[in-house]
Amino acid sequence: MSTSEFSPVLFRLQRSELAVPGSNPGMIEKAAGSEADCVLLDCEDSVAPDQKSQARCTIISALHEIDWKEAGKTVSVRINGPESTHMERDVGRIIEKAGYHVDTLLIPKVGIPKHVHAVDGLISVAELAAGITHRIGLECMIETALGLVNVEAIAGLSYMPRSRLEALHFGVADFSASCQSRTLEIGETDHFWHPSLQRMLVACRAYGLRAIDGPYADITNPQGYINAAKGVAAMGFEGKWAIHPGQVKLANQVMSPTDAEVEQAQKILNALDQVQSSGQGAVSLDGKMIDAASGKMAANIINKSLAIAEKASG
Ligand code: GLV
Ligand code: MG
(Lines give C-alpha, C1' and ligand atoms only; values in the text may rest on other atoms or scores of the structure.)
(Ligands and ions follow the chains in the order given, each with its own letter.)
Protein backbone atom coordinates (compact mmCIF):
# COMPACT_ATOMS: atom_id res chain seq x y z
CA MET A 1 0.00 0.00 0.00
CA SER A 2 1.37 3.39 -0.98
CA THR A 3 1.18 5.98 1.77
CA SER A 4 0.38 8.81 -0.64
CA GLU A 5 -1.59 7.41 -3.57
CA PHE A 6 -5.14 6.15 -3.66
CA SER A 7 -5.33 2.78 -5.36
CA PRO A 8 -8.71 1.12 -5.82
CA VAL A 9 -9.04 -2.25 -4.09
CA LEU A 10 -11.21 -3.47 -6.99
CA PHE A 11 -12.63 -1.64 -9.99
CA ARG A 12 -16.27 -2.22 -10.92
CA LEU A 13 -18.36 0.11 -13.01
CA GLN A 14 -21.09 1.20 -10.57
CA ARG A 15 -22.62 4.36 -12.02
CA SER A 16 -26.16 3.18 -11.36
CA GLU A 17 -27.34 0.85 -8.62
CA LEU A 18 -30.94 -0.19 -9.24
CA ALA A 19 -32.48 -1.22 -5.93
CA VAL A 20 -35.40 -3.65 -6.07
CA PRO A 21 -37.41 -5.32 -3.31
CA GLY A 22 -36.38 -8.97 -3.03
CA SER A 23 -40.03 -9.89 -2.59
CA ASN A 24 -41.01 -8.71 -6.08
CA PRO A 25 -40.04 -11.14 -8.89
CA GLY A 26 -41.47 -8.87 -11.62
CA MET A 27 -39.33 -5.92 -10.56
CA ILE A 28 -36.25 -8.15 -10.31
CA GLU A 29 -36.76 -9.38 -13.86
CA LYS A 30 -37.20 -5.82 -15.14
CA ALA A 31 -34.03 -4.77 -13.33
CA ALA A 32 -32.08 -7.51 -15.11
CA GLY A 33 -33.19 -6.06 -18.45
CA SER A 34 -32.37 -2.47 -17.47
CA GLU A 35 -29.27 -0.45 -18.30
CA ALA A 36 -28.14 -0.45 -14.65
CA ASP A 37 -24.51 -1.30 -13.97
CA CYS A 38 -25.51 -2.96 -10.68
CA VAL A 39 -28.70 -4.51 -9.41
CA LEU A 40 -29.35 -4.53 -5.69
CA LEU A 41 -31.71 -7.27 -4.53
CA ASP A 42 -33.06 -6.08 -1.21
CA CYS A 43 -33.87 -8.15 1.87
CA GLU A 44 -34.00 -5.09 4.14
CA ASP A 45 -36.25 -2.05 4.35
CA SER A 46 -38.19 -2.45 1.10
CA VAL A 47 -39.40 -5.87 2.30
CA ALA A 48 -42.16 -6.12 4.93
CA PRO A 49 -41.20 -8.05 8.10
CA ASP A 50 -43.64 -10.89 7.34
CA GLN A 51 -42.21 -11.29 3.81
CA LYS A 52 -38.56 -11.69 4.72
CA SER A 53 -38.51 -15.42 4.21
CA GLN A 54 -40.43 -15.24 0.91
CA ALA A 55 -38.05 -12.51 -0.29
CA ARG A 56 -35.06 -14.73 0.44
CA CYS A 57 -36.61 -17.53 -1.65
CA THR A 58 -37.48 -15.14 -4.48
CA ILE A 59 -33.92 -13.79 -4.50
CA ILE A 60 -32.45 -17.30 -4.55
CA SER A 61 -34.67 -18.26 -7.51
CA ALA A 62 -33.86 -15.05 -9.39
CA LEU A 63 -30.14 -15.56 -8.83
CA HIS A 64 -30.42 -19.00 -10.46
CA GLU A 65 -32.95 -18.27 -13.19
CA ILE A 66 -31.59 -15.01 -14.61
CA ASP A 67 -28.28 -14.93 -16.44
CA TRP A 68 -26.86 -11.87 -14.67
CA LYS A 69 -23.46 -12.12 -16.33
CA GLU A 70 -25.05 -12.23 -19.77
CA ALA A 71 -27.14 -9.20 -18.73
CA GLY A 72 -23.88 -7.40 -17.87
CA LYS A 73 -24.84 -6.84 -14.25
CA THR A 74 -22.97 -6.76 -11.00
CA VAL A 75 -25.37 -8.41 -8.54
CA SER A 76 -25.49 -7.34 -4.94
CA VAL A 77 -27.83 -8.50 -2.17
CA ARG A 78 -28.69 -6.16 0.68
CA ILE A 79 -29.02 -8.29 3.78
CA ASN A 80 -30.82 -7.20 6.93
CA GLY A 81 -28.77 -5.19 9.39
CA PRO A 82 -26.28 -6.37 11.99
CA GLU A 83 -28.81 -6.00 14.80
CA SER A 84 -31.65 -7.78 13.04
CA THR A 85 -32.72 -11.34 13.70
CA HIS A 86 -32.84 -11.96 9.93
CA MET A 87 -29.23 -11.21 9.10
CA GLU A 88 -27.70 -14.60 9.82
CA ARG A 89 -30.36 -16.42 7.81
CA ASP A 90 -30.02 -13.94 4.91
CA VAL A 91 -26.30 -14.60 4.62
CA GLY A 92 -26.42 -18.34 5.30
CA ARG A 93 -29.36 -19.24 3.04
CA ILE A 94 -28.56 -16.94 0.15
CA ILE A 95 -24.85 -17.72 -0.01
CA GLU A 96 -25.27 -21.46 0.50
CA LYS A 97 -28.08 -21.77 -2.07
CA ALA A 98 -27.03 -19.20 -4.68
CA GLY A 99 -23.76 -17.58 -3.62
CA TYR A 100 -22.17 -18.62 -6.89
CA HIS A 101 -24.21 -15.86 -8.59
CA VAL A 102 -23.63 -13.15 -5.96
CA ASP A 103 -20.93 -10.53 -6.51
CA THR A 104 -21.32 -8.62 -3.25
CA LEU A 105 -23.41 -8.36 -0.11
CA LEU A 106 -24.41 -4.89 1.05
CA ILE A 107 -24.61 -4.48 4.83
CA PRO A 108 -26.99 -1.75 5.97
CA LYS A 109 -26.59 0.37 9.11
CA VAL A 110 -22.95 -0.44 9.70
CA GLY A 111 -21.98 1.41 12.87
CA ILE A 112 -18.72 -0.18 13.94
CA PRO A 113 -16.03 -2.34 12.28
CA LYS A 114 -17.23 -5.37 14.26
CA HIS A 115 -20.42 -5.41 12.18
CA VAL A 116 -18.33 -6.00 9.07
CA HIS A 117 -16.22 -8.70 10.73
CA ALA A 118 -19.41 -10.52 11.78
CA VAL A 119 -20.79 -10.66 8.22
CA ASP A 120 -17.39 -11.54 6.79
CA GLY A 121 -17.24 -14.55 9.13
CA LEU A 122 -20.75 -15.70 8.15
CA ILE A 123 -19.89 -15.45 4.45
CA SER A 124 -16.69 -17.46 4.92
CA VAL A 125 -18.61 -20.30 6.60
CA ALA A 126 -21.35 -20.30 3.95
CA GLU A 127 -18.83 -20.08 1.09
CA LEU A 128 -17.00 -23.06 2.45
CA ALA A 129 -20.22 -25.05 2.91
CA ALA A 130 -21.29 -24.32 -0.66
CA GLY A 131 -17.85 -24.79 -2.21
CA ILE A 132 -17.86 -21.29 -3.67
CA THR A 133 -14.52 -20.38 -5.15
CA HIS A 134 -14.92 -16.73 -6.17
CA ARG A 135 -14.55 -14.17 -3.43
CA ILE A 136 -17.85 -12.53 -2.52
CA GLY A 137 -17.27 -8.83 -1.85
CA LEU A 138 -18.73 -6.60 0.83
CA GLU A 139 -20.22 -3.13 0.61
CA CYS A 140 -21.39 -1.14 3.64
CA MET A 141 -24.04 1.50 4.10
CA ILE A 142 -23.06 4.51 6.13
CA GLU A 143 -26.47 5.69 7.26
CA THR A 144 -26.33 6.28 10.97
CA ALA A 145 -24.61 8.90 13.07
CA LEU A 146 -22.50 6.14 14.62
CA GLY A 147 -21.50 4.84 11.18
CA LEU A 148 -20.30 8.28 10.14
CA VAL A 149 -18.37 8.78 13.38
CA ASN A 150 -16.57 5.50 12.66
CA VAL A 151 -16.38 5.79 8.88
CA GLU A 152 -12.58 5.98 8.69
CA ALA A 153 -12.19 2.85 10.84
CA ILE A 154 -14.81 1.04 8.74
CA ALA A 155 -13.20 2.08 5.43
CA GLY A 156 -9.76 1.17 6.79
CA LEU A 157 -10.83 -2.48 6.99
CA SER A 158 -10.22 -2.63 3.24
CA TYR A 159 -6.48 -2.92 3.83
CA MET A 160 -6.75 -5.82 6.27
CA PRO A 161 -5.48 -9.11 4.76
CA ARG A 162 -8.19 -10.91 2.75
CA SER A 163 -10.63 -8.03 3.21
CA ARG A 164 -13.81 -8.25 1.16
CA LEU A 165 -14.66 -4.57 1.45
CA GLU A 166 -15.11 -2.76 -1.89
CA ALA A 167 -17.49 0.18 -1.45
CA LEU A 168 -19.40 2.41 0.93
CA HIS A 169 -22.89 3.77 0.22
CA PHE A 170 -24.41 6.86 1.82
CA GLY A 171 -27.97 6.07 2.94
CA VAL A 172 -29.53 9.48 3.20
CA ALA A 173 -32.95 8.33 4.46
CA ASP A 174 -31.74 6.43 7.47
CA PHE A 175 -29.04 9.03 8.04
CA SER A 176 -31.70 11.76 8.21
CA ALA A 177 -33.65 9.67 10.70
CA SER A 178 -30.57 8.89 12.75
CA CYS A 179 -29.66 12.58 12.94
CA GLN A 180 -33.30 13.53 13.72
CA SER A 181 -33.10 16.05 10.90
CA ARG A 182 -36.20 18.18 10.26
CA THR A 183 -37.05 16.74 6.88
CA LEU A 184 -39.45 14.18 5.45
CA GLU A 185 -37.76 14.11 2.04
CA ILE A 186 -35.31 11.47 0.81
CA GLY A 187 -32.41 12.79 -1.17
CA GLU A 188 -33.68 16.34 -1.79
CA THR A 189 -31.59 17.76 0.95
CA ASP A 190 -28.14 16.72 -0.14
CA HIS A 191 -26.80 20.15 0.65
CA PHE A 192 -27.50 19.46 4.35
CA TRP A 193 -25.30 16.45 4.01
CA HIS A 194 -22.34 17.79 2.06
CA PRO A 195 -19.98 17.57 5.06
CA SER A 196 -21.15 14.01 5.76
CA LEU A 197 -20.99 12.96 2.11
CA GLN A 198 -17.55 14.51 1.84
CA ARG A 199 -16.33 12.71 4.95
CA MET A 200 -17.49 9.35 3.61
CA LEU A 201 -16.02 10.10 0.16
CA VAL A 202 -12.61 10.96 1.61
CA ALA A 203 -12.63 7.81 3.75
CA CYS A 204 -13.42 5.80 0.59
CA ARG A 205 -10.66 7.37 -1.46
CA ALA A 206 -8.12 7.09 1.36
CA TYR A 207 -8.71 3.33 1.50
CA GLY A 208 -9.38 2.52 -2.16
CA LEU A 209 -13.15 2.03 -1.95
CA ARG A 210 -15.87 3.02 -4.37
CA ALA A 211 -18.19 5.78 -3.11
CA ILE A 212 -21.88 5.43 -3.96
CA ASP A 213 -24.70 7.84 -3.14
CA GLY A 214 -28.08 6.50 -2.01
CA PRO A 215 -31.68 7.08 -3.02
CA TYR A 216 -33.62 10.04 -4.37
CA ALA A 217 -37.27 9.31 -3.63
CA ASP A 218 -39.17 11.64 -5.97
CA ILE A 219 -39.39 9.55 -9.13
CA THR A 220 -41.51 12.29 -10.78
CA ASN A 221 -38.65 14.79 -10.61
CA PRO A 222 -35.83 13.83 -12.98
CA GLN A 223 -34.23 17.28 -12.76
CA GLY A 224 -34.06 17.01 -8.98
CA TYR A 225 -32.39 13.62 -9.36
CA ILE A 226 -29.89 15.01 -11.88
CA ASN A 227 -29.04 17.94 -9.60
CA ALA A 228 -28.47 15.62 -6.63
CA ALA A 229 -26.34 13.25 -8.75
CA LYS A 230 -24.29 16.11 -10.22
CA GLY A 231 -23.58 17.43 -6.74
CA VAL A 232 -22.10 14.15 -5.53
CA ALA A 233 -20.36 13.41 -8.85
CA ALA A 234 -18.48 16.71 -8.56
CA MET A 235 -17.22 15.59 -5.14
CA GLY A 236 -15.95 12.29 -6.52
CA PHE A 237 -18.80 9.83 -5.99
CA GLU A 238 -18.87 7.33 -8.83
CA GLY A 239 -22.42 6.08 -8.60
CA LYS A 240 -25.91 6.66 -7.30
CA TRP A 241 -28.87 4.50 -6.46
CA ALA A 242 -31.91 4.33 -8.68
CA ILE A 243 -35.15 3.30 -6.99
CA HIS A 244 -37.01 3.22 -10.31
CA PRO A 245 -35.79 2.08 -13.75
CA GLY A 246 -36.41 5.64 -15.00
CA GLN A 247 -33.61 6.92 -12.77
CA VAL A 248 -31.03 4.49 -14.21
CA LYS A 249 -30.31 6.42 -17.40
CA LEU A 250 -30.01 9.64 -15.39
CA ALA A 251 -27.42 8.07 -13.11
CA ASN A 252 -25.49 6.58 -16.04
CA GLN A 253 -25.52 9.92 -17.81
CA VAL A 254 -24.36 12.03 -14.86
CA MET A 255 -21.77 9.50 -13.69
CA SER A 256 -20.17 9.16 -17.17
CA PRO A 257 -17.64 11.73 -18.41
CA THR A 258 -19.03 13.83 -21.25
CA ASP A 259 -17.41 13.82 -24.70
CA ALA A 260 -16.10 17.34 -24.01
CA GLU A 261 -14.48 16.19 -20.76
CA VAL A 262 -12.85 13.21 -22.46
CA GLU A 263 -11.58 15.44 -25.27
CA GLN A 264 -10.15 17.98 -22.83
CA ALA A 265 -8.59 15.24 -20.70
CA GLN A 266 -6.89 13.79 -23.76
CA LYS A 267 -5.65 17.25 -24.75
CA ILE A 268 -4.09 17.65 -21.29
CA LEU A 269 -2.38 14.26 -21.48
CA ASN A 270 -1.05 15.02 -24.98
CA ALA A 271 0.27 18.42 -23.87
CA LEU A 272 1.98 16.88 -20.83
CA ASP A 273 3.50 14.14 -23.02
CA GLN A 274 4.98 16.74 -25.32
CA VAL A 275 6.67 18.71 -22.54
CA GLN A 276 7.96 15.67 -20.70
CA SER A 277 11.10 15.48 -22.82
CA SER A 278 11.83 19.19 -22.37
CA GLY A 279 12.10 18.72 -18.60
CA GLN A 280 9.35 21.27 -17.86
CA GLY A 281 6.92 20.58 -14.99
CA ALA A 282 4.03 23.00 -15.40
CA VAL A 283 2.96 24.30 -18.81
CA SER A 284 0.17 26.45 -20.17
CA LEU A 285 -2.70 24.97 -22.16
CA ASP A 286 -5.26 27.39 -23.60
CA GLY A 287 -4.16 29.96 -21.05
CA LYS A 288 -4.46 27.62 -18.04
CA MET A 289 -1.63 26.11 -16.06
CA ILE A 290 -1.44 22.32 -16.13
CA ASP A 291 1.01 20.04 -14.32
CA ALA A 292 1.39 16.46 -13.11
CA ALA A 293 -1.76 16.70 -10.96
CA SER A 294 -3.73 17.78 -14.05
CA GLY A 295 -2.40 14.63 -15.68
CA LYS A 296 -3.81 12.49 -12.85
CA MET A 297 -7.18 14.23 -13.03
CA ALA A 298 -7.24 13.70 -16.80
CA ALA A 299 -6.25 10.04 -16.41
CA ASN A 300 -9.20 9.48 -14.04
CA ILE A 301 -11.55 10.70 -16.78
CA ILE A 302 -9.90 8.70 -19.55
CA ASN A 303 -9.85 5.50 -17.46
CA LYS A 304 -13.54 5.87 -16.62
CA SER A 305 -14.46 6.48 -20.26
CA LEU A 306 -12.45 3.42 -21.33
CA ALA A 307 -14.26 1.25 -18.76
CA ILE A 308 -17.61 2.51 -20.03
CA ALA A 309 -16.61 1.87 -23.65
CA GLU A 310 -15.47 -1.64 -22.72
CA LYS A 311 -18.80 -2.38 -21.06
CA ALA A 312 -20.69 -0.99 -24.05
CA SER A 313 -18.75 -3.22 -26.42
CA GLY A 314 -19.78 -6.23 -24.33
C1 GLV B 1 -31.19 3.73 2.17
O2 GLV B 1 -31.22 2.66 2.67
C3 GLV B 1 -31.32 4.94 2.93
O4 GLV B 1 -31.54 4.82 4.15
O5 GLV B 1 -31.21 6.02 2.34
MG1 MG C 1 -31.43 2.76 4.82
Side-chain angles (χ1 to χ4, degrees), residues 12-22 24 27-28 30-31 34-47 73-74 76-78 81 104 106-110 139-145 147-148 151 167-201 204 209-258 304 308:
R12 290 187 204 269
L13 201 54
Q14 195 167 8
R15 296 166 301 172
S16 48
E17 174 105 2
L18 179 53
V20 284
N24 189 322
M27 283 172 86
I28 296 176
K30 262 199 197 136
S34 76
E35 292 296 311
D37 289 332
C38 301
V39 171
L40 178 61
L41 306 174
D42 189 23
C43 296
E44 203 219 12
D45 284 354
S46 67
V47 175
K73 302 284 174 266
T74 293
S76 182
V77 176
R78 181 167 72 167
T104 68
L106 174 63
I107 319 172
K109 302 182 180 69
V110 173
E139 306 183 55
C140 297
M141 298 204 67
I142 300 300
E143 53 180 352
T144 61
L148 191 67
V151 70
L168 301 184
H169 298 228
F170 188 77
V172 69
D174 271 301
F175 194 70
S176 301
S178 176
C179 291
Q180 300 188 22
S181 73
R182 289 282 297 274
T183 179
L184 293 171
E185 306 294 342
I186 298 179
E188 296 284 1
T189 49
D190 277 355
H191 56 285
F192 291 3
W193 304 125
H194 273 182
S196 310
L197 285 158
Q198 178 74 11
R199 182 167 173 185
M200 192 195 91
L201 183 267
C204 284
L209 302 175
R210 301 186 299 277
I212 309 300
D213 188 30
Y216 181 86
D218 186 353
I219 57 173
T220 67
N221 184 3
Q223 193 54 51
Y225 183 95
I226 289 171
N227 295 344
K230 279 190 171 163
V232 292
M235 273 183 209
F237 277 73
E238 59 202 87
K240 182 162 177 64
W241 281 29
I243 53 154
H244 183 273
Q247 291 180 337
V248 167
K249 67 173 183 316
L250 307 178
N252 286 348
Q253 200 177 39
V254 175
M255 297 296 171
S256 304
T258 62
K304 178 60 71 67
I308 294 166

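In this text, all values refer to a predicted model and were calculated from it rather than measured experimentally.
A217 pairs by the side-chain contact (heavy atoms from CB on, under 4.5 Å) definition with I186, not counting sequence neighbours. By the ring pair (Phe, Tyr, Trp, His ring centres under 6.0 Å) test, F175 is found to be paired with F170, W193, residues two or more places apart in sequence or in another chain being considered. For D218, there are no salt bridge (Lys or Arg N to Asp or Glu O under 4.0 Å) partners at least two apart in sequence or on another chain. With sequence neighbours left out, the side chain to side chain donor-acceptor pair (under 3.5 Å) criterion links E143 to no other residue. A search for side chain to side chain donor-acceptor pair (under 3.5 Å) contacts involving S76 returns T104, not counting sequence neighbours. Applying the side chain to side chain donor-acceptor pair (under 3.5 Å) rule to T258 yields the partners E261; only residues at least two apart in sequence or on another chain are considered. The side chain to side chain donor-acceptor pair (under 3.5 Å) search around S256 returns R15, not counting sequence neighbours. Residues passing the salt bridge (Lys or Arg N to Asp or Glu O under 4.0 Å) test with D42 are R78, sequence neighbours excluded. Residues meeting the side-chain contact (heavy atoms from CB on, under 4.5 Å) test with A167, sequence neighbours left out: Q14, E139, H169, R210. Scanning for side-chain contact (heavy atoms from CB on, under 4.5 Å) contacts around Q223 gives N221, I226, N227, with sequence neighbours left out.
Here the side chains of L168 and I212 are not in contact, with every heavy-atom distance at 4.5 Å or above. Counting heavy atoms from C-beta on, the side chains of D174 and D45 come closer than 4.5 Å.
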Going through the checks in order, is the side chain to side chain contact (heavy atoms under 4.5 Å, CB included) test met by M141 and I107? CA-CA 6 Å; M141 298 204 67; I107 319 172; over 6 Å; no

With salt bridge (charged side-chain N to carboxylate O under 4.0 Å, His left out) as the test, would you mind laying out the steps for K304 and E238 before giving the verdict? CA-CA 10 Å; K304 178 60 71 67; E238 59 202 87; 5.0 Å; no

Checking side chain to side chain contact (heavy atoms under 4.5 Å, CB included) for the pair N24/V20: CA distance, chi angles, key distance, verdict? CA-CA 8 Å; N24 189 322; V20 284; over 6 Å; no

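For the pair V110 and T144, the tightest heavy-atom approach, listed with the atom from each and the gap, is O-OG1, 4.0 Å. When every heavy atom of S46 is checked against every heavy atom of P21, the shortest pair comes out as OG-CA, 3.3 Å. Nearest approach of G22 to V47, heavy atoms of both residues: N-CG2, 3.8 Å. Taking all atoms of both residues into account, the shortest heavy-atom contact from S16 to A251 is CB-CB, 3.8 Å. The heavy-atom pair separating S34 from L18 by the smallest distance is OG-CD2, 3.6 Å. Q247 approaches I243 most closely through the heavy-atom pair OE1-N, 2.9 Å.
Here CE of M255 is found 11.0 Å from CD1 of I308. Values are rounded to the nearest 0.5 Å. To the nearest 0.5 Å, atom OG of residue S196 and atom CD1 of residue I142 are 11.0 Å apart.
The 12-atom threshold is exceeded at CD of Q198, counting heavy atoms of other residues, nucleotides or ligands nearer than 6.0 Å.
Taking the ring centre of Y225 as origin, the terminal cationic atom of K240 falls inside the region bounded by 6.0 Å and 45° from the ring axis.
Using modelled atom types, one side-chain atom of S176 and one backbone atom of V172 make a donor-acceptor pair closer than 3.5 Å.
Considering L40, V39, D213 as possible partners of E17, the one that fulfils the side chain to side chain contact (heavy atoms under 4.5 Å, CB included) test is L40.
One finds no salt bridge joining K73 and D37 here, because no Lys/Arg side-chain nitrogen approaches an Asp/Glu carboxylate oxygen to under 4.0 Å.
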